Number of protein chains: 2
Amino acid sequence: MRPTRQRLALARLLFEPGHRHVTAEALHGEALAAGVKVSLATIYNTLHQLTTVGLLREIVIDTGKTYFDTNVDDHHHFFLERTGRLIDIPGADVALGALPAAPDGLKIARVDVIIRLSDS
Amino acid sequence: MRPTRQRLALARLLFEPGHRHVTAEALHGEALAAGVKVSLATIYNTLHQLTTVGLLREIVIDTGKTYFDTNVDDHHHFFLERTGRLIDIPGADVALGALPAAPDGLKIARVDVIIRLSDS
DNA sequence: ATACTTGCAAATCGTTTGCAATACC
DNA sequence: GGTATTGCAAACGATTTGCAAGTAT
């Protein structure tokens, strides 16, 4: 994985501000706003590569849009339904008791807990 | 909501076999296989209407594809990553301890627990 | 008769892909 | 130079929409 101009710029945008959640579109917007010339295709490439390498985690919350989380530790999420925003919940803050055993030849790859929030 | 031919046929396909998870495409296929002439547009209409009415529940597990669950009780899911299949987990089988409080003016609408399974 | 439904085909949205031009080592 | 990477534009798959024709009450 070569440290190209666009990869470096994207990495800076992603990891400098601390933990965050981005969509490809949003990151693309930020890049352009920051004066970084990148194509959307490259954004997707990079996000997936970083995910493969373990620097990002993909979160499925909403159909039709993929979120990438710069926090790859064990943790969960609040999802604000009205705004589409995500908030991290430290893994320790959600007590999961014994989980049902996985069927036959399968193993638990990950447990996602999503707490969906609406206006009260 | 009128009991039209296609709505009745779809309701039968959905609710007669016991609890299940379907995608619009899959239901469309079944309908055609069962000799029921329905357009995909109507499938989507009907699935959404049934969801609004509370007879179905929408599950987000996978980007780019929406699952509808005929089980609307409190429960969670196993997701078989290799096949894309869903398996219900009774709500009681997952012990959730105290959850972090929802921020300011927000309330918990729902808690989704998804246990992702891969081949072991 | 009137309002609700259907179905087609076109449109949309996020994402992916093919491929030639380009940047990295 | 050789290989990885970029960017464009076209291709995609799932879902939605506009609208004319059909159907329930």
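Keep in mind it's a predicted model, so treat the numbers as computed, not measured. Chain identifiers are assigned alphabetically (A, B, ...) following the order of the sequence lines, protein sequences preceding nucleic acid strands; residue numbering begins at 1 within each chain.
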What is the distance from [atom1] of [X] to [atom2] of [N], rounded to the nearest Å?
X: A:Leu27; N: C:dG14; atom1: CG; atom2: P; answer: 15 Å
X: B:Asn45; N: D:dG22; atom1: CG; atom2: P; answer: 18 Å
X: B:Ile43; N: D:dT15; atom1: CD1; atom2: P; answer: 12 Å
X: B:Lys37; N: D:dT23; atom1: NZ; atom2: C1'; answer: 14 Å
X: A:Tyr67; N: C:dT15; atom1: OH; atom2: P; answer: 10 Å
X: B:Leu47; N: C:dT6; atom1: CG; atom2: P; answer: 12 Å

Quiz item: Which one, D:dG7, C:dC8, C:dT15, comes nearest to the side chain of A:Leu40?
Solution: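 The closest nucleotide is C:dT15.
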
Quiz prompt | Among C:dG7, C:dT16, D:dT6, the nucleotide that comes nearest once only the side chain of B:Ser39 is considered | solution =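 For the B:Ser39 side chain, the nearest candidate turns out to be C:dG7.
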
Quiz prompt | Annotated protein contacts, base or backbone, on nucleotides 19-25 of chain C with a non-hydrogen cut-off under 4.0 Å, one of B, S, - each | solution = ----BBS

Quiz prompt | D:dT15 phosphate, OP1 or OP2, under 4.0 Å from B:His48 side-chain N/O | solution =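 Answer is no, no contact under 4.0 Å.
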
Practice problem: State, with a plain yes or no, whether a side-chain heavy atom of B:Val113 is found less than 4.5 Å away from one of A:Asp112. | Solution: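 No, their side chains stay 4.5 Å or more apart.
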
Quiz item: Side-chain contact, heavy-atom cut-off 4.5 Å: A:Glu25 with A:Lys65?
Solution: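 No, their side chains stay 4.5 Å or more apart.
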
Exercise. For C:dA11 and C:dG7, measure between their C1' atoms and round to the nearest Å.
Key: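 Each nucleotide's C1' atom is 16 Å from the other's.
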
Self-check item: Nearest-Å distance once atom P is located in both C:dC19 and C:dT15
Solution: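 To the nearest whole Å, 24 Å.
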
Quiz item: Which ILVMFWY residues can you reach from A:Leu32 by hopping between side chains whose heavy atoms are under 4.5 Å apart?
Solution: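 Besides A:Leu32, the hydrophobic cluster comprises nothing; the residue is isolated.
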
Quiz item: Which hydrophobic side chains are connected to B:Val60, either touching it within the sub-4.5 Å cutoff or through other members that do?
Solution: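 Under the 4.5 Å side-chain rule, B:Val60 groups with A:Val60.
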
What residues form a ring pair (Phe, Tyr, Trp, His ring centres under 6.0 Å) with [X], not counting sequence neighbours?
X: B:His48; result: B:Phe68
X: A:His28; result: none
X: B:His75; result: B:His77

Quiz prompt | Short side-chain to backbone donor-acceptor contact, B:Arg116 and B:Ile61, under 3.5 Å | solution =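 Yes: the side chain of B:Arg116 pairs with the backbone of B:Ile61.
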
Self-check item: Residues that B:Thr83 engages under side chain to side chain contact (heavy atoms under 4.5 Å, CB included), provided they are two or more places apart
Solution: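 Partners of B:Thr83 by the side chain to side chain contact (heavy atoms under 4.5 Å, CB included) criterion, ordered by chain and then number, come out as B:Leu80, B:Arg85.
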
Quiz prompt | Any residue of residues 77-84 of chain B with a heavy atom less than 4.0 Å from an atom of DNA chain D | solution =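 Per residue number, the list is empty: none.
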
Practice problem: For residues A:Leu56 and A:Val72, report the shortest heavy-atom separation together with the two atoms involved. | Solution: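 Residues A:Leu56 and A:Val72, closest heavy atoms: C-CG1, 3.6 Å.
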
Quiz prompt | Minimum heavy-atom distance between A:Val111 and A:His76, given as atom pair plus value | solution =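 Looking at all heavy atoms of both residues, the closest pair is O-CE1, 3.4 Å.
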
Quiz item: Stem ranges for DNA chain C, with three or more consecutive Watson-Crick or G-U pairs under 3.5 Å?
Solution: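 Looking at DNA chain C, the stems formed by three or more consecutive pairs are C:1-10 with D:16-25, C:12-14 with D:12-14, C:16-25 with D:1-10.
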
Enumerate, atom names and distances included, each donor-acceptor pair closer than 3.5 Å involving a side-chain atom of residues 6-18 of chain B, sequence neighbours excluded.
residue : atom : partner : partner atom : Å
B:Arg7  : NE   : B:Arg2  : O            : 3.1
B:Arg7  : NH1  : B:Gln49 : OE1          : 3.3

Atom pairs, protein N/O to nucleotides 9-14 of chain D N/O, distance under 3.5 Å:
residue : atom : partner : partner atom : Å
D:dA14  : O3'  : B:Gly64 : O            : 3.4

Quiz prompt | Pair B:His21, B:Asn71: side-chain N/O donor-acceptor within cut-off below 3.5 Å | solution =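 There is no such pair (donor and acceptor under 3.5 Å, judged by atom type) between the side chains of B:His21 and B:Asn71.
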
Can you give each donor-acceptor pair under 3.5 Å made by side-chain atoms of residues 89-105 of chain B, sequence neighbours left out, with the distance rounded to 0.1 Å?
none

Practice problem: Give A:His28 one of three labels, base, sugar-phosphate or nothing, depending on what nucleic acid heavy atoms sit under 4.0 Å from its own. | Solution: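 It contacts nothing in the nucleic acid.
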
